[in-house]
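First up is the structure itself, then whatever we jot down about it.
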Amino acid sequence: MGSTLNMDFQEDSGTLGSLPVTTSRNMSSSSSAFFSANQSPFFSPRSSTCQFSESTRSDAQCDSANLSAGPPSSCSGIQGTECLGNARFDLPDMKLEPTACISSDFRKSDHVVSNGTLSSYGHVGDNGYYDLIAKHRKQMRSHDMSFSPVPISLSSNRNRSYDIYIGLHGRKPSLQRFANWLRAELELQGMSCFVSDRARFRSSRKLGLMEKAMDVSSFGVVILTRKSFKNPYTIEELRFFSSKKNLVPIYFDLSPGDCLVRDIVEKRGELWEKHGGELWFLYGGLEKEWKEAVNGLFRVNEWKLEAQDGSWRDCISRAVSLLAMRLGRRSVVEQMMRWREKVEKEEFPFPRNENFVGRKKELSELEFILFGDISGETERDYFELKARSKRKNLMIGWSKSSSVEERLGKRQWGSGSRKGKEPVIWKESEKEIEMQSTERQQNQRPKGGGWTSRRKKSAKIVYGKGIACVTGDSGIGKTELLLEFAYRYHQRYKMVLWIGGESRYIRQNYLNLRSLLEVDVRVENCIDKSKMKSFDEQEEAAISRIRKELMRNIPFLVVIDNLESEKDWWDQKLIMDLLPRFGGETHILISTRLPRVMNLEPLKLSYLSAVEAMSLMQVSAKEYPIAEIDVLRTIEEKVGRLTLGLAIVGAILSELPINPSRLLDTINRIPLRDISLSGREAHSLRKNTFLLQLFEVCFSIFDHAVGPRSLATRMVLVSGWFAPAAIPISLLSLAARKIPEKHKRTCFWRKVLRSLTCGFSSSYSKRSETEASSMLLRFNIARSSTKEGYVHFNELIKFYARKRGVSGVAHAMVQAIVSRGSLSLHSEHIWAACFLLFGFGNDPIVVELRVSELLYLVKEVILPLAIRTFITFSRCRPALELLQLCTNALEVADQAFVTPVEKWLDKSLCWRPIKTNAQLNPCLWQDLALSRATVLETRAKLLLRGGQFDIGDDLIRKAIFIRTSICGEDHPDTVSARETLSKLTRLLANVQTHT
């Protein structure tokens, strides 16, 4: 008899009592067993809540269980092996429902993983790096590194079976992070799992239950580390599953070639010198059984799964595919193949920078901030972690568990004692990463500045919480650092999710993750439901679906590049509301020019060293004399030591037959343009005029290579008006060609460059858009994209291009977007064109269109964009604001049509009445009016979905009046508008009745 149980577990401070159980329908006593869920060894001792839901997976039963590995000595709440050992629980007596599912259906029950008790770190003192790492590892070992709680389902089978048994041994954070990820990925694909570290349990009853789970599992996955061969339970698992021919070994920090009996016993090699020997003596085992287990690994030829530090993702993906294939889940295999293809194409916005230099310390510190530990070559590269906090010897606690607080409160950071030490708790609020001392707030009075000044001095957590922020000047290399980190550590994550952080686009960029995460964020149809959701609630629901996907046990790396503000430009909501809760498996990496983000003390990115800067400028094999090296150092100082400027200088020196001294003289001769600088980038450019002159040198090189106003130069100028996203080269060149031509001018400094580019100009004459874009890439003015046929431009270059003041460039960009823009491919650039056309917020209207162009724009661009933004992405407010501004523009055009037009002929013939544009061109005026009616009707229909019936009623009546006047009452469009009006009237009456 099938049933779904909803159990609410309530923690009761060390006691085990019977818990209330509610059922979805009545159950007979003969077919149901009520028991205390906390007494089941399949429940995590730390589990406080558990919900059961039916699975939507059709491939297999997704029953799953997870065994928490709490230490035997701890018994906080319902913890401890003795507590569980006394439980009255008999597996064969349970009535199990084969279709009931548990947390393996992650899309229905969202269990946030706690990958062990993560330590929270304040800022360290002036200790060296290795001292800090040693303290961290010591504290991690002192805590309970348990798996995330996973409940078990009840079913009617007497002998419950599992698809996968996962056995492991060890408390290393990276091992448990990998095991959590593997289990979550398998369960997400509908394969039930049982996870245990049997060495951490002493109860014979529970060990017997785990042996039963091993026996009823289709496959046994054993995660092997260098310490696994000392563990009798791992040896038993290897022998057991080898005998059943269903062993799947995963070599975590080993390789199959390392697992040779002779090497281990004789301690051969660097690996086994410390961890090898006659290991069976350590647990009192038999030599024959131990060697049989190790030798059995070489009989498993089809499974060669290695989870080295740089291959986690590939290992888990291959393991899931192979296990699914062996279990007959072909749909899972096909889905994994499609996912891999999508990730290869869409994961990274830029290809990896092969010329990346330096930043070893910053990369290591980012790894430590996000993971709480570092490993591999990074540990050797990183020598010292400097302190950034004025407060030392902080004691840190975590408010989620009182027992954890007590344990952490007894531990001290650093040596010596200090009066006034008190635990600091983690606050989950809108300032999520703020740490404050509760005891100090209660026992001390604020001095002078009150509580506000006291809060400003609160410590900031940066280590071990999975969020890091990098700040620095424009062009210093923040994006390059984040990109290198993402490429270097991408195997530790299922996917790298790159988001542009510009305030106007960040929320749309966040919702664009729906395709990669396979999440439906479409607006819900709440018209026929009892409760109508507001627009804000619908948008929050869409965001929560994305955030929920990022809060699973599966790790993602979310990179927010160039965060402009902590608040969204549209509604001033905090950007932090988009992010998953800190401390989970998903990590957040932010780059910004802001001095501080979300109360985080960011990693301040400094300039490259002199040697690194020199290598960036000397990318070619040219060797310069000492005098020229000194000139390069001068150029480095003049360019502000920005990596952007250094890269451009290096490109010029490698592409042209020019030495550094002549290049410096040429840059100094370039006159500065008289431009007004304002905005975020203005400060960087105002203090670095040499960089502006360097940009002008590049433009002059392009013009002399191809001719005055070359396509490459115009592509740079028009790029400033596109959105901060990858720009298609075809669209960019089309806009560049639409820039109006000006009279040719010759300047005195062009003659200077003419001699530099001799022979170069002929090779680049009359090239196509592809060759023009290639020139931009070669001179590092643009950078390539992982999307074929797209390029990116640095925000400093785009800002200067906008301020350079060439007339008609913005209009050319809008014309290119209107004529060839694709809604599915270029939505960001279509929004950029709308910002120029309609003047959102306090922005001025930059581009004005003729009436015929405006009508085409509304029909082909604005209406589809607004509907797609509203329906597909649930971005209700921006879509409605776009339609409202569009209505205003149409009304202004209509007003101009009905204004009398005076012509010279009309003045000479006084008896002729003065006509309007509507009379002179009645067809165009009718199209304009009908277009306005369509926009009004669309607004009314969208407002209907948000419960704003009164405003929608007014708009639809205006649309009906226009259509009735032009088309008549029986026209299909008029009839359709009347049907919308009747629906609005009915809903409005219902609202008034209820209120």
Are any non-hydrogen side-chain atoms of [X] and [Y] less than 4.5 angstrom apart?
| X | Y | value |
| --- | --- | --- |
| Phe840 | Trp570 | yes |
| Trp925 | Asp894 | yes |
| Trp569 | Ile506 | no |
| Leu936 | Ile956 | no |
| Thr786 | Lys345 | no |

Does a donor on one side chain sit under 3.5 Å from an acceptor on the other, for [X] and [Y]?
| X | Y | answer |
| --- | --- | --- |
| Asn509 | Trp498 | no |
| Gln508 | Arg875 | yes |
| Asn562 | Glu795 | no |

Are there over 12 heavy-atom neighbours, none belonging to Gln572, within less than 6.0 Å of that residue's CD?
yes
Are more than 12 heavy atoms from other residues, nucleotides or ligands located less than 6.0 Å from atom NZ of Lys342?
yes
Could you please spell out the steps behind the side chain to side chain contact (heavy atoms under 4.5 Å, CB included) verdict for Leu987 and Lys983?
CA-CA 6 Å; Leu987 292 172; Lys983 182 182 290 187; 4.1 Å; yes
Decide whether a cation-pi geometry holds between [X] and [Y]; the criteria are a distance under 6.0 Å from NZ or CZ to the six-membered ring centre and an angle within 45° of the ring axis.
| X | Y | answer |
| --- | --- | --- |
| Lys958 | Phe961 | no |
| Lys798 | Trp721 | no |
| Arg514 | Phe873 | yes |

Ion pair [X]/[Y], N-O distance below 4.0 Å:
| X | Y | result |
| --- | --- | --- |
| Asp536 | Arg877 | yes |
| Arg507 | Asp571 | yes |
| Arg338 | Glu341 | no |
| Glu891 | Arg932 | yes |

For the residue pair [X] and [Y], what are the closest heavy atoms and their distance?
| X | Y | result |
| --- | --- | --- |
| Thr985 | Asp953 | OG1-OD1, 3.7 Å |
| Ser874 | Val523 | OG-N, 3.0 Å |
| Val718 | Ala735 | CG2-CB, 3.6 Å |

Could I get the full list of side chain to side chain contact (heavy atoms under 4.5 Å, CB included) partners for Leu924, not counting sequence neighbours?
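Once residues adjacent in sequence are excluded, the partners of Leu924 under the side chain to side chain contact (heavy atoms under 4.5 Å, CB included) criterion are Val851, Leu855, Phe897, Asn921.
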Residues Glu769, Ser730; criterion side chain to side chain contact (heavy atoms under 4.5 Å, CB included); working and verdict
CA-CA 7 Å; Glu769 62 187 38; Ser730 58; 4.1 Å; yes
Which value, rounded to the nearest 0.5 Å, describes the distance between Glu566 atom CD and Met576 atom CE?
9.5 Å
Audit row: Arg957, Leu981, side chain to side chain contact (heavy atoms under 4.5 Å, CB included) steps and yes/no
CA-CA 7 Å; Arg957 290 181 186 276; Leu981 175 62; 3.9 Å; yes
Evaluate the ring-ring contact (aromatic ring centres under 6.0 Å, His included) criterion for residues Phe870 and Phe535: first the C-alpha distance (whole Å), next the side-chain angles of each, then the deciding distance (0.1 Å), finally the verdict.
CA-CA 10 Å; Phe870 190 101; Phe535 293 134; 5.8 Å; yes
Between the main-chain N or O of Val791 and the side-chain N or O of Ser785, is there a donor-acceptor pair closer than 3.5 Å?
no
Is there a side chain to side chain contact (heavy atoms under 4.5 Å, CB included) between Arg552 and Glu585? Walk through the geometry before answering.
CA-CA 7 Å; Arg552 305 192 186 281; Glu585 298 296 337; over 6 Å; no
Sort and list the pairs that fulfil salt bridge (Lys or Arg N to Asp or Glu O under 4.0 Å) and have at least one residue in residues 959-981, not counting sequence neighbours.
Glu937-Arg963
